[in-house]
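Encoded as C-alpha cells, the structure appears first; notes follow it.
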Protein chains: 2
Amino acid sequence: MKFGTLGHALLGLLAARPQSGYELTRSFDVSLGNVWTAKHSQIYPELAKLEAAGLVQPAGTGARGSKSYAITRAGRAQLVRWLSETPPAAQDLRDEGMLRVFFLWLVAPDDAAAYLRDQRARYLAQLARYRAIKVQAAALPPGGEGPDAEALRWSLIALEAGIRLEKALAGWSTWALSELAAAPDPPAPKRPPRRR
Amino acid sequence: MKFGTLGHALLGLLAARPQSGYELTRSFDVSLGNVWTAKHSQIYPELAKLEAAGLVQPAGTGARGSKSYAITRAGRAQLVRWLSETPPAAQDLRDEGMLRVFFLWLVAPDDAAAYLRDQRARYLAQLARYRAIKVQAAALPPGGEGPDAEALRWSLIALEAGIRLEKALAGWSTWALSELAAAPDPPAPKRPPRRR
DNA sequence: GCCTCCATGTAATTGGTTACATGATTCT
DNA sequence: AGAATCATGTAACCAATTACATGGAGGC
C-alpha cells in the first residue's frame, strides 16, 4: 500500500501521542490546517488503510465510542523514512487570492484598490491570529520533556514562518496599493502630467 | 453551468488575447503556475465547457491544427463579476514542505538542520528565478498600451509578492537554523549548562 | 528516417469536498 | 425537552493528476 501526504501527516500526529480520528480531525482544523487540510470523511478511511498496512494500531476506546489509534514501530519507521529520504513534493501553490491579482487590470482601478485593501485586511487578521497563538504559547510553563513538548517546539517554528509570510503579504499589499496610486492608468490623475 | 477557479483563470487569460489550449497550458507552466496549476488534460475539456456556456468562442485555427478561442462579451461579464463580487475562496494552503517542519522533532537534529538548509536552498533558488524575471521585464520597452501591457503590469505586481514571500521564507529558514543550533535538545551541547 | 516539439484529445485513477446518516453525552 | 458538541462512518460528486493515444511540422 502507498501513502501520500495525508497518511504521513496522520502518522506524524500519532507519533506525539495516540489519538482518535476526531482528535486528528481537530488538529487539521487548527494548527496543521494552516499547511494542510483534511476532513473527517477523509481521515477515517485513511486511518483504516494505515491500520491495514500495520502502521497504526487500535489503542483502546474512550467515551462516546471514540477509538484511539497509536503509531506502530513500522509506522514510525515509515514516517522517518518519508521525512528524511523523500524530497517534499513540488508544492502546487493554489492561491486564488493571488491569481486574481493577475486579472485586476480588467476592473476599474478603484475596484482593484478595494480588492487589495480587502486582501491586506485578511493578511493582517491572519497575522493577528498567529501572533495571539505565539503570545499564548509563550505564556505556557516552560518545562515539559515528552514528545508533545518537542512537537510544540517545532510547531512554533512553523508558526514563525506563518507570521513572517503574513507580514510579507501585508507589506506587499501596501506596496501594491502605492504602485496603483502612482499610475492608475486608465483614468489619469488630474494634476501630475503623465509621463511614460 | 458552474465554473470554478480554473474556468475563470482561463477566461482571464483569454481576456488579454485569443489563445489556443496549448498556449493556455504553457501559461500555467510559467507565470500563472506559481499561483495555480493545470494540465492540458484539464484545460481542453474546460474550454469546451466554457464554449458550451457561451463564455468563449472559437476564433480561428492556426498551424498544426491549433484552435484558438476568444472570450465573449458574456465571458468578460462573468469574469468581472467573479472578480468583483465573489470573495476569494478560503485558500487551502497545501504546503507539504512546511507540514514536514511540524514533524522534524522525530528526526535527529542534524537531519532537521539538513532539511532546513535544503528548504532554504529551494527558497533562494525560486527567489533568484523571480528576480531574473523582474530584471528581464524591466529591460522591456517601457511603452505598450493594449490589454497585454496592462496584464503585464499586474503580473509584475504579483511577481513582487512572490519575491517578498521567498525572501521571507529564506529569512525564516535561517532563523530556524539558528533556533535549532541554540537548543538542539536531545543531544545536549557539551559546554553551556542547560537551563529550563 | 527519426527525434523533438507542437497540438489536441480521452480514459483511468487519485485526492478531496459535500452531503447523508446515526448515535451518545452534555448543557440549558 | 431541545440544542450543541462529541464521535464515527458511508456515498456521491467534483477537481486534478497520470497515463494513453494520435497526428502534423521542422530539424538533423
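Letters A, B, ... are given to chains in the order of the sequence lines, protein chains preceding strands, and every chain is numbered from 1.
Near DNA chain D, defined here as any heavy-atom distance below 4.0 Å, the residues from residues 10-29 of chain A are A:Ser20, A:Gly21, A:Tyr22, listed numerically. DNA chain C lies under 4.0 Å from at least one heavy atom of each of the following residues of residues 48-71 of chain A: A:Arg64.
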Base-contact (B) and sugar-phosphate-only (S) positions in nucleotides 16-21 of chain C, heavy-atom cut-off under 4.0 Å, - elsewhere: BBBB--
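Every pair passing side-chain hydrogen bond (donor to acceptor under 3.5 Å, both in side chains) that includes a residue from residues 5-18 of chain A is listed here, sequence neighbours excluded: A:Thr5-B:Glu96, A:His8-A:Gln78, A:Arg17-A:Asp148. Residue pairs that meet the side-chain hydrogen bond (donor to acceptor under 3.5 Å, both in side chains) test with at least one member in residues 41-61 of chain B, sequence neighbours left out, do not exist here. Identified under the side-chain hydrogen bond (donor to acceptor under 3.5 Å, both in side chains) test for residues 155-171 of chain A, with sequence neighbours left out: A:Lys134-A:Glu160, A:Glu160-A:Arg164. For residues 23-45 of chain B, no residue pair satisfies the salt bridge (charged side-chain N to carboxylate O under 4.0 Å, His left out) rule, not counting sequence neighbours.
Applying the side chain to side chain donor-acceptor pair (under 3.5 Å) test to B:Arg129 and every residue at least two apart in sequence or in another chain returns B:Gln126. With sequence neighbours excluded, no residue forms a side chain to side chain donor-acceptor pair (under 3.5 Å) with B:Ser66. Partners of B:Ala74 by side-chain contact (heavy atoms from CB on, under 4.5 Å), not counting sequence neighbours, listed by chain and number: B:Leu55, B:Thr72. Remark: B:Arg76 pairs with no residue by the salt bridge (charged side-chain N to carboxylate O under 4.0 Å, His left out) rule, at least two apart or across chains. For A:Arg64, the salt bridge (charged side-chain N to carboxylate O under 4.0 Å, His left out) test picks out no residue, with sequence neighbours left out.
In this entry the distance linking CD of B:Glu46 with P of C:dT10 reads 14 Å, nearest Å. Atom C1' of nucleotide D:dA16 and atom CD1 of B:Ile43 are separated by 12 Å, given to the nearest angstrom. Here the P atom of nucleotide D:dA15 and the CD atom of A:Glu96 are 12 Å apart, to the nearest Å.
The side chain of A:Tyr44 lies closest to D:dT8, out of C:dG15, C:dT8, D:dT8.
Clustering ILVMFWY residues whenever any of their side-chain heavy atoms sit less than 4.5 angstrom apart, transitively, puts B:Leu14 in the very cluster that holds B:Val80.
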